[in-house]
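Structure first, then comments.
Quick note on labels: first sequence line is chain A, next is B, and so on, each numbered from 1. If you're wondering where the values come from, they're calculated on a predicted model, not measured in any experiment.
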2 protein chains.
Amino acid sequence: MPTVSSEELAAAAGVNSAKLRKDFSYLGSYGTRGVGYDVEYLVYQISRELGLTQDWPVVIVGIGNLGAALANYGGFASRGFRVAALIDADPAMAGRPVAGIPVQHTDELESIIRDNGVSIGVIATPAGAAQQVCDRLVAAGVTSILNFAPTVLSVPDGVDVRKVDLSIELQILAFHEQRKAGEEAAADTAAVPAAPRKQSATDQGPDGDVPAVMPA
Amino acid sequence: MPTVSSEELAAAAGVNSAKLRKDFSYLGSYGTRGVGYDVEYLVYQISRELGLTQDWPVVIVGIGNLGAALANYGGFASRGFRVAALIDADPAMAGRPVAGIPVQHTDELESIIRDNGVSIGVIATPAGAAQQVCDRLVAAGVTSILNFAPTVLSVPDGVDVRKVDLSIELQILAFHEQRKAGEEAAADTAAVPAAPRKQSATDQGPDGDVPAVMPA
DNA sequence: CAATCTTTGTGCACGCGTTCACAAAGACAT
DNA sequence: ATGTCTTTGTGAACGCGTGCACAAAGATTG
Ligand SMILES: NC(=O)c1ccc[n+]([C@@H]2O[C@H](COP(=O)([O-])OP(=O)(O)OC[C@H]3O[C@@H](n4cnc5c(N)ncnc54)[C@H](O)[C@@H]3O)[C@@H](O)[C@H]2O)c1
Ligand SMILES: NC(=O)c1ccc[n+]([C@@H]2O[C@H](COP(=O)([O-])OP(=O)(O)OC[C@H]3O[C@@H](n4cnc5c(N)ncnc54)[C@H](O)[C@@H]3O)[C@@H](O)[C@H]2O)c1
């Protein structure tokens, strides 16, 4: 029986072994003292806890540059996600296959969601259409949304939204980048305007990850 | 002089006003008691602190489905990022313009980085090539990397890596999704195998955001 | 100039996740 | 069966970010 110790696993994952053991203990994965964890059993338990044992049908709305790339991406299937449908508002795209899946028109959004029992939706439409699409998805029964449009979506309680904002990713990198270079040149506080031009403040909804108080 | 109070700002951002004030105090943004913060000055200070006042040249390596979508994405420029070059290993793509920028061959990677003073690189190659591309970028002077390939990159100290893993985003949604549905059906612990088939454990590098102990 | 009123800046306490450290459990050898 | 040795599971301490609450600052008004 192949086993792994918490120490090995922790080293590989780059985390503390005690934390790893405590985390495992939360989901009831019992190891064997003096031996470690049964790899099989552990993998199964974690897979199950993470929801990887079942297949999740997802729909992608907005089959443009990004949406098409997502549709072509094979990495989803290997993690238990199945692209149930591709949806776009452009009538010219209807019926045209992308990644072997025919694009369907937005009119059919509701029926597609219901017929396939879809609970996860991906939004890759322009920012202007995102909230509207989101509302329709939610109304049709979707309760989890992955949003690529640079907009804060407002959803009712019970619906989860995760936003992937590539600009913010780059901003975070740029921030640290600036810090690296700015250490020695910290005295260069030359042209700091005392009173910049006027501009309005940003209103923004609550976000899980990033504070986000900056205007675009 | 247009001003905003920490209370207004906090309400708009959905955070606690005390936290917001404390955060501002860290970057030395002095407000005026009884009045609030000068919007102009505040915007400028935060922009500067976040590195938004300068223009960052970035290169995208791997101009496939995703890379091309990124190149076409206009959201970067508006945040102060400029696509300095597109790089791909496929000779057939060399010279072909994507989003108005001619694709250059990997051979020129080093010179492109140096000539343009690029410090931020985006990797959108297949997973197998990611580490190799990363090494070359770092060797050429890149110190911040945004990685879309589903691989953990190992880099020397001083180099920042941010990984965007869309599968994990979906997994997080699926996890919560399962929890929503699993409340009532919690008793369905029927077919739990006591000893699954054998399989190897995953080794994985340290990650900032997600524990990531699961195999693909 | 004094009184009042608004809003900042921050000391302090609370809560939570992480880490340490160790007793107990169990495998394995003798 | 007994002893040894490895590794788990977890109580307790630590550190850190968040939120509360309030004194001080400064604008504004009479
Ligand atoms: N391309 C990128 O790399 C990238 C990166 C980050 C964010 N984004 C964001 O992702 C979104 C899509 O980007 P893109 O480059 O694919 O844009 P795109 O213009 O290429 O594609 C948008 C697609 O959405 C469709 N669409 C428009 N309104 C719709 C609606 N109401 N219902 C359904 N479909 C609709 C359009 O027909 C089009 O096919 C944008 O919001 C963009 O800001 C893109
Ligand atoms: N498409 C998606 O939506 C998506 C989503 C998540 C992650 N990813 C990941 O992003 C990466 C790219 O995805 P894709 O769909 O664009 O793949 P793709 O196959 O369409 O594009 C890959 C590109 O990289 C180029 N390339 C290969 N080796 C290279 C090298 N050594 N140097 C420079 N260029 C090289 C290829 O010529 C090709 O143009 C993959 O790792 C994929 O797993 C993609």
Side-chain angles (χ1 to χ4, degrees), chain A residues 1-46 49-50 168 172 175-176 179 194-195 200-213, chain B residues 1-46 49-50 168 172 175-176 179 194-196 198 200-213:
Chain A
M1 183 179 77
T3 58
V4 272
S5 68
S6 62
E7 203 64 56
E8 294 174 276
L9 233 37
V15 297
N16 186 285
S17 65
K19 172 173 162 48
L20 199 144
R21 285 198 297 278
K22 188 160 287 186
D23 284 355
F24 282 0
S25 77
Y26 286 139
L27 51 87
S29 294
Y30 296 135
T32 308
R33 300 183 181 211
V35 177
Y37 298 90
D38 174 13
V39 174
E40 297 293 341
Y41 190 68
L42 190 60
V43 167
Y44 173 78
Q45 282 294 335
I46 298 178
E49 189 68 22
L50 260 45
I168 286 190
I172 293 171
F175 173 73
H176 290 118
R179 292 238 144 175
S200 70
T202 315
D203 54 25
Q204 201 129 354
D207 192 17
D209 287 325
V210 190
V213 194
Chain B
M1 186 180 78
T3 59
V4 269
S5 68
S6 61
E7 204 63 57
E8 293 173 278
L9 234 35
V15 297
N16 185 283
S17 66
K19 171 172 163 49
L20 198 145
R21 284 198 299 277
K22 188 163 288 187
D23 284 354
F24 282 0
S25 76
Y26 286 139
L27 51 88
S29 295
Y30 297 136
T32 308
R33 299 182 181 214
V35 177
Y37 298 88
D38 175 14
V39 174
E40 297 294 340
Y41 191 67
L42 190 60
V43 167
Y44 173 78
Q45 282 294 335
I46 297 179
E49 189 68 22
L50 260 45
I168 286 191
I172 294 171
F175 173 72
H176 290 118
R179 292 238 142 173
K198 72 181 170 196
S200 70
T202 315
D203 53 27
Q204 199 130 354
D207 191 16
D209 288 326
V210 189
V213 195

Please name the pair of heavy atoms, one in A/V4 and one in A/V39, separated by the smallest distance, quoted to 0.1 Å.
-> CG2-CG2, 3.7 Å
With a non-hydrogen cut-off below 4.0 angstrom, is B/S17 in contact with a base, only sugar-phosphate, or nothing?
-> nothing
Between NE2 on residue A/H176 and CZ on residue A/R179, distance to nearest 0.5 Å = 7.5 Å
Separation of A/D23 atom CG from C/dC16 atom P, in whole Å?
-> 16 Å
On DNA chain D, check which nucleotide each of B/R21 and B/G34 is closest to and give me the residue with the more 5' one.
-> B/R21
Nucleotide N/O of nucleotides 2-4 of chain D paired with protein N/O under 3.5 Å:
none

Which whole-number value in Å describes the distance from A/F24 CZ to D/dT7 P?
-> 15 Å
Does A/K19 have a side-chain nitrogen or oxygen under 4.0 Å from the phosphate oxygens OP1 or OP2 of C/dT19?
-> no
Quick one: closest heavy-atom pair of A/I46 and A/F24, and the distance?
-> CD1-CE1, 3.8 Å
Any B/Y30 side-chain nitrogen or oxygen under 4.0 Å from OP1 or OP2 of D/dG26 = no
Determine: side-chain N/O of B/Y26 to OP1/OP2 of D/dG17, distance under 4.0 Å, yes or no.
-> no
Closest approach of A/S6 and A/S17, non-hydrogen atoms and distance?
-> O-CB, 3.9 Å
So does A/S6 get a side-chain nitrogen or oxygen closer than 4.0 Å to the phosphate oxygens (OP1/OP2) of D/dT7?
-> no
Round to the nearest Å and state the distance from A/L27 atom CG to D/dT8 atom P.
-> 14 Å
For A/R33 and for A/K22, find the nucleotide of DNA chain D with the closest heavy atom, then tell me which residue's nucleotide is more 5'.
-> A/R33
